[in-house]
Each structure stands twice: as C-alpha cells, then as structure tokens.
Engineer: 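Have a look at this one.
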2 protein chains.
Amino acid sequence: MISHNIVPNISVDCVVFGFDFKKLNVLLVERELKDEESGKLLIKDHTLTGYHIFEDEDLDTAANNILKNLTGLDNIFLEQFAAFGQLDRVAGDKDKVWLKYINKGFAERIVTVGYLALIDNTKVTLHLKDKNVQWFPVNKINGMEMAFDHKHIFYKALEALQRKVKVEPIAFELLPDYFTLSQLQKLYEALLGTSFDKRNFRKKVSQMHYVIPLKKKQKGVPHKPAQLYLFSREVYDKTRKGKISFII
Amino acid sequence: MISHNIVPNISVDCVVFGFDFKKLNVLLVERELKDEESGKLLIKDHTLTGYHIFEDEDLDTAANNILKNLTGLDNIFLEQFAAFGQLDRVAGDKDKVWLKYINKGFAERIVTVGYLALIDNTKVTLHLKDKNVQWFPVNKINGMEMAFDHKHIFYKALEALQRKVKVEPIAFELLPDYFTLSQLQKLYEALLGTSFDKRNFRKKVSQMHYVIPLKKKQKGVPHKPAQLYLFSREVYDKTRKGKISFII
DNA sequence: GGTTAGTTGTGTACAATTTACACGAAGATA
DNA sequence: TATCTTCGTGTAAATTGTACACAACTAACC
C-alpha cells in the first residue's frame, strides 16, 4: 500500500470479470455501514472495487495496486474503458450517509476512471475467501442494489468488454494457461450471449495460429478428456491482419 | 462561459478532427508566451483545445463548452476516448514555465479526459479566422512541437478514431449534409490510410440503406457532377446488425 | 469385463461475400 | 467541336460463412 496523500476528487474503479467455465462473473465488494452508537444497519449494498488515487500514483498504477491488494496477483489484464464525472454520481441519501461516515464528510463530485480487469479464476479464488468480496453472475447484477453510479459503470464495462472481445484476443485472459476448445467456445458464448456451431467455431479457431494445440490432455474429467490449447500473444502480434468490419 | 470555480486538477482536452476533401486535419491552438518585462519569446508551440473543468460542470458539458467557444457550434460529435493521468504529463521545462505564468504556479499532476470531436469543415472555417487556432494535416503532427503530453494524446485519439470508424458510422460527421460517394471514399481512405476499389466501395455503400441517394447533383464543379447522398442515423439505428469481426 | 453416460472431434455441400478488373457517358471549358 | 476530368457501372473467380450428424474415446458403474 502507498503511504502518501490521496487525491480527494479522483478515483479509479475496477470492473473485474471472471469466468467459471459456465458463466461470466464480476467481483463486487459488500458495503456495510452500521451506526457507531446504536449499531443499527444503515447501509448494505455492493460496490465495484475502487479507491482514490494517490498524489504520487499514475492512474494505471492505482488500478494495479487495487487489484494486487484484492487478489494478491500482479500482471492482471487491465484496460481503461471510460471516465465518469457526472455531477450526480453520488446517487442518493445512502451515498451521502456513506460519505459522511467514511470520507470525512467530503462530498465534492469525484471523477472516476473505469478499468476493465480480466482474471483467470483458477488463480485467485483462494485469496478472496476471507474478505467481503465475492463473485456475482453478470446477469444477476440488474436486480442488485449498488452504490453510487456503480451499476451504470458496470454496464459500460460490460459493453466495452463485449466490443473489445470481438476485435482483440483478450478473452484468453479469462481462461487458465491451458484450456480446451469447448471452454473457449463456452467463454465466447457467455461473453456475447450467443451460441456457436461447434464445428464452425473449431474451424475458425484452427485458422488462428496463435491458439496452439499442445500434446497434453485434460485430466480429472469423468469423460473423454479434451486436448489442451495455449494462447500465444507473441504469435498473435506477428500474424495479426487488422480486419475491418464496418466498411470494406 | 461558465462563471464558477475551476477544478484545478482535472481538465478535458478535445482532439478536433476535420476533413477538407483531401486529407484529415486536426485543430490546434498556438501557445505563445512572452516574458512580461523583456518581451522575450519564452514558448511557442501547439496544444490541443482543452481547459479545466468547472466545479458545476459534467465532463461532457465541459468538452461541449470548449467546442462551442471555439467554433460557435453546438451539437458537434463528441466522444470520450481515454483519460490521462501520468505523473510526468507536464513534460519539460517549457511546460513548467507555462504553468508558472499562466496557471498561478499550480503544478500538481492534472488528470485530463480526452474527447474525440468530429466536425464538418464547411460549417466552421469562418469562425476560426481571428483566433490562434488552425487546422494541421494529421500526417504533419509527428514533426511538430507540442505542449505537455498532447502529442501522445493526439495519437491515442487518432487510433481511437481509426478503430471506431470501422465499426460505427461516425465518419459522416466529417462530411457536409450532402456528399458524393467519391468524397465518402476519399474520407475513408484518408482516415485509414488505405485505398479502395471504386466499384467495390460503391457496391458496399449501396447495401447500406442509411446512405440515401438524393435527386440532387453536385454544382460548380468543372466536370460531370456527381449525385449527392445523405446519411440517415435514424435509418441506421433501425437497420444495424451488430457484426463481429474477430471471432465468428 | 461389459455396459452406460457424457463429451470429444471430425467433413461436406451450398450460400453469401469479397475481390479483381476497364471503359463509355456526362458535363465543363476553351 | 475537341479535350479534359470525373462519374457510374457488371461479371467471373476465389474466399469465407453456414448448416448439419455421428462414431470414438474415457471414466464410472455394475
């Protein structure tokens, strides 16, 4: 953790996505506030993982530090997707109460920079056990109570993710190093909310020379084990073509 | 102009693109600083069009106000593309001198939110005459002196523009209401730095039902006048398909 | 050891889209 | 009336996308 002064009116918020081989999830922090004297529960809802930046910290560094703190991991895929600066970001009375207790009454408009984080579930689940941080299925978010404008930020992140995933090979960040083609297909289906034909999907992937078949097979599954594959960013960078989809 | 207090550590910068039917241009402001006593020229370079936000102003509003102030126009296409918060954004001695004179010595790191603006040249050129604001060809920017990290911001904007233009019909914002297919083609060629086959380009456009042929023809050209077309966002919104380019 | 349950991995025919390519017609000018 | 410049058009071949079904493999169970 960094020890210098925070910048009171600027923060970063990370929208952390994960994939459990079935559905897409997002990491949220439970926000709970009890009155100091009466012990009465004043607030209970969820927030994205974010914090103010520090005076001597870049935006990217701030986002990285949040994730490191949260998951214990470094080198997580992290990409800015938007900044939010609406005057009414502090949404309701709930948030005002929160700021009064937690933020020393500071209620100026805070500009927050949103980061998209993609993590490999298999590497982090243990670290989360003892914190008030949990995975929530992306399609359950709509019905949840969320702090500030975090629901809005979340949906912007999801849109950005769906857009990027069609154009860049970032989805692999959500899978373990070795994965099967069925897992890859299910991931894309979860991300985009569609379904693909198995044979056509595989034909397509086999043309991507940066998705490399290994000589290994899946282990510990109660059925025919599938071949494992590896994504190579190096190969990708050397073979990208730069397709255009909207015009020509 | 707005009269309230500025937020000292947050600004917006607009990267304003225009098209003169031959090449893509960007709007830059000449920054010139003379020593008050000696009259000696301390700084001369260029900046993007930007300013601090005001306490009672949204980010989007701030960007809009800058453009209105600059061009006299409202309703300009404007879209956030990134936030910049590197600690070394104030690049060199030049910028420190500038901040000392202009910004009352305030030299804290400023986080700036970058906006992409696309404008129809034919509507604004007159408004710019008497200001130190000028169009510069995009491919000349590399050799220019620019303030702060504005060259970096400019290139990020250009990348974002090239990316978006392939996926959304925003290029039309750079053309007048009525345009010819040759102008549209030259625009895409200028934007993407490629060239297209005329017949194939037209075949493609003819499938876009939101590019609508008019019964009008070009006037005042020393050759066969071309048919004029119109872009209809309304038709676009009703006929979009949502193609995928990277996978399936 | 044989059966069951669940998942893997493969090919082909047809449709749609993309690409490459050249010339006569229209209008302005001298 | 000749010349200049840009406009506007079609077809054939190659590539890419789509729809569709079944046998083989492994683990687990009896």
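These figures come from a predicted structure and were not determined experimentally. Just so we're on the same page: letters track the sequence lines, and every chain starts at 1.
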Engineer: Give every residue pair that meets the salt bridge (Lys or Arg N to Asp or Glu O under 4.0 Å) criterion with at least one member in residues 209-221 of chain A, sequence neighbours excluded.
Structural biologist: none
Engineer: Can you give me the N/O atom pairs linking the protein to nucleotides 23-30 of chain D at distances under 3.5 Å, or say none if there are none?
Structural biologist:
none

Engineer: Round to a whole Å and report the spacing from NZ of A:K204 to C1' of C:dG9.
Structural biologist: 20 Å
Engineer: In whole angstroms, how far is the P atom of C:dA26 from the CD atom of B:Q227?
Structural biologist: 15 Å
Engineer: Could I get the full list of side chain to side chain donor-acceptor pair (under 3.5 Å) partners for A:E145, not counting sequence neighbours?
Structural biologist: A:K94
Engineer: Produce the list of close N/O pairs, under 3.5 Å, pairing protein atoms with atoms of nucleotides 9-14 of chain D; give distances to one decimal.
Structural biologist:
from, atom 1, to, atom 2, distance (Å)
D:dT11, O4, B:K203, NZ, 3.2

Engineer: Name the one of B:N64, B:D13, B:D60 that satisfies side chain to side chain donor-acceptor pair (under 3.5 Å) with B:Y115?
Structural biologist: B:D60
Engineer: What is the distance from CD of A:Q207 to P of C:dG11, rounded to the nearest Å?
Structural biologist: 15 Å
Engineer: Rounding to an integer number of Å, can you tell me how far A:L181 CG sits from C:dT10 C1'?
Structural biologist: 12 Å
Engineer: Measure from NZ on B:K216 to C1' on D:dC7 and round the result to the nearest Å.
Structural biologist: 20 Å
Engineer: Could you tell me how far apart B:F201 (CZ) and C:dT19 (P) are, to the nearest whole angstrom?
Structural biologist: 14 Å
Engineer: Do the side chain of B:E173 and the main chain of B:I170 share a donor and acceptor less than 3.5 angstrom apart?
Structural biologist: no
Engineer: Considering just the side-chain nitrogens and oxygens of B:S182, establish if one lies under 4.0 Å of OP1 or OP2 belonging to D:dT6.
Structural biologist: no
Engineer: Of all residues at least two apart in sequence or in a different chain, which pass the side chain to side chain donor-acceptor pair (under 3.5 Å) check with B:E189?
Structural biologist: B:Q185
Engineer: Under the rule for salt bridge (charged side-chain N to carboxylate O under 4.0 Å, His left out), what residues qualify as partners of B:R31, not counting sequence neighbours?
Structural biologist: B:D45, B:D95
Engineer: Centres of the B:Y236 and B:H209 rings: under 6.0 Å?
Structural biologist: no
